[in-house]
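Note sheet for the following structure.
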Amino acid sequence: VQLQASGGGLVQAGGSLRLSCEASGRAVGTFATGWFRQAPGKEREFVAAVNWGGPGTYYANSVKGRFTISRDNAKNTVYLQMNSLKSEDTAVYYCAAYGGPSRPIASTLWRDSSYHYWGQGTLVTVSS
């Protein structure tokens, strides 16, 4: 699986951005996908994930109600819609794919070590 993340940029606080994670090599409807971010000087942290084979979207408390993860099977792409952006959302955002053969349990999707494939990252800068 190869992942290509895009959509980052500079936005004012309160604004919106939509990140895209285009997959190749496997259909996005057959694996779980997560978004993580890493701010300067901080560790990488979980943002959101979408499972496969049934309902299941998960969010970090810091983004719940502002961010929405979704999947477009026809475009083989997973999106992260980010609204009401804050300066603390500034980070490099990475998408990742869980490449295991079976549907993972939800708790595993919060850990970056659970994912097998990673995109290159896209920078989001929120100015206050």
Side-chain angles (χ1 to χ4, degrees):
V1 178
Q2 290 81 45
L3 303 173
Q4 181 72 37
S6 61
L10 175 64
V11 63
Q12 288 188 330
S16 299
L17 279 176
R18 188 178 76 162
L19 305 184
S20 300
C21 178
E22 183 175 5
S24 58
R26 184 170 166 179
V28 291
T30 68
F31 57 85
T33 304
W35 285 96
F36 290 77
R37 67 186 181 188
Q38 187 166 22
K42 295 187 176 182
E43 293 187 352
R44 187 162 57 190
E45 63 175 2
F46 171 80
V47 176
V50 57
N51 215 334
W52 68 281
T57 55
Y58 315 96
Y59 298 93
N61 287 336
S62 59
V63 306
K64 198 173 295 183
R66 300 188 297 123
F67 291 11
T68 302
I69 190 169
S70 63
R71 180 170 54 217
D72 186 332
N73 292 337
K75 296 184 178 180
N76 219 36
T77 300
V78 173
Y79 300 100
L80 184 68
Q81 178 67 44
M82 306 185 296
N83 299 328
S84 303
L85 283 162
K86 306 175 181 179
S87 57
E88 52 263 42
D89 294 318
T90 294
V92 177
Y93 284 71
Y94 300 89
C95 61
Y98 178 91
S102 58
R103 176 185 165 93
I105 59 174
S107 60
T108 65
L109 297 179
W110 295 74
R111 301 193 300 266
D112 57 2
S113 60
S114 298
Y115 293 81
H116 302 85
Y117 307 98
W118 289 83
Q120 83 286 6
T122 184
L123 176 62
V124 172
T125 304
V126 183
S127 63
S128 57

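In this text, all values refer to a predicted model and were calculated from it rather than measured experimentally.
Atom CD of residue Q120 and atom OG of residue S6 lie 8.0 Å apart, to the nearest 0.5 angstrom. Considering CG of N51 and OG1 of T108, their distance stands at 7.5 Å, rounded to 0.5 Å. Atom OG1 of T68 sits about 11.5 Å away from atom CZ of R18, to the nearest 0.5 Å. Taking CG from L3 and OG1 from T77, the interatomic distance works out to 10.0 Å, rounded to the nearest 0.5 Å. Taking CD of Q81 as the start and OG of S70 as the end, the distance is 8.0 Å to the nearest 0.5 Å. One finds the NZ atom of K86 at 13.5 Å from the OG atom of S128 (value rounded to the nearest 0.5 Å).
Counting heavy atoms from C-beta outward, L19 and V124 have side chains that approach closer than 4.5 Å. Looking only at side-chain heavy atoms (C-beta outward), F46 and Y58 come within less than 4.5 Å of each other. A heavy-atom distance below 4.5 Å is found between the side chains of D89 and R37.
Remark: W52 engages no residue in a ring-ring contact (aromatic ring centres under 6.0 Å, His included) (not counting sequence neighbours).
The two atoms that bring C95 and A5 nearest to each other are SG-CB, 4.0 Å, heavy atoms only. Summarising the geometry of D72 relative to V28, their closest heavy-atom pair is O-CG2, 4.1 Å, with the distance given to 0.1 Å. Across all non-hydrogen atoms, the minimal contact from L109 to A49 is CB-CB, 4.1 Å. Closest heavy-atom contact between G99 and Y117: CA-CE1, 3.9 Å. The minimum heavy-atom distance linking Y115 with A32 is given by the pair CE2-O, 4.5 Å. Of all non-hydrogen atoms in V126 and T90, the two that sit nearest each other are N-OG1, 2.9 Å.
The aromatic rings of W118 and Y94 lie perpendicular to each other, with more than 60° between the two planes, well past the 30° mark.
One hydrophobic cluster, built from ILVMFWY side chains closer than 4.5 Å, holds both V11 and W35. By the rule that hydrophobic residues join a cluster once side-chain heavy atoms approach within less than 4.5 Å of another member, Y98 and V47 end up as members of separate clusters. Hydrophobic clustering, with ILVMFWY side chains joined whenever heavy atoms are under 4.5 angstrom apart, groups L80 together with V50. Residue Y93 is not grouped with residue Y79 when hydrophobic side chains (ILVMFWY) are merged at heavy-atom distances under 4.5 angstrom, including chains of intermediate members.
Not a single donor-acceptor pair under 3.5 Å links the side chain of R26 to the backbone N or O of V1.
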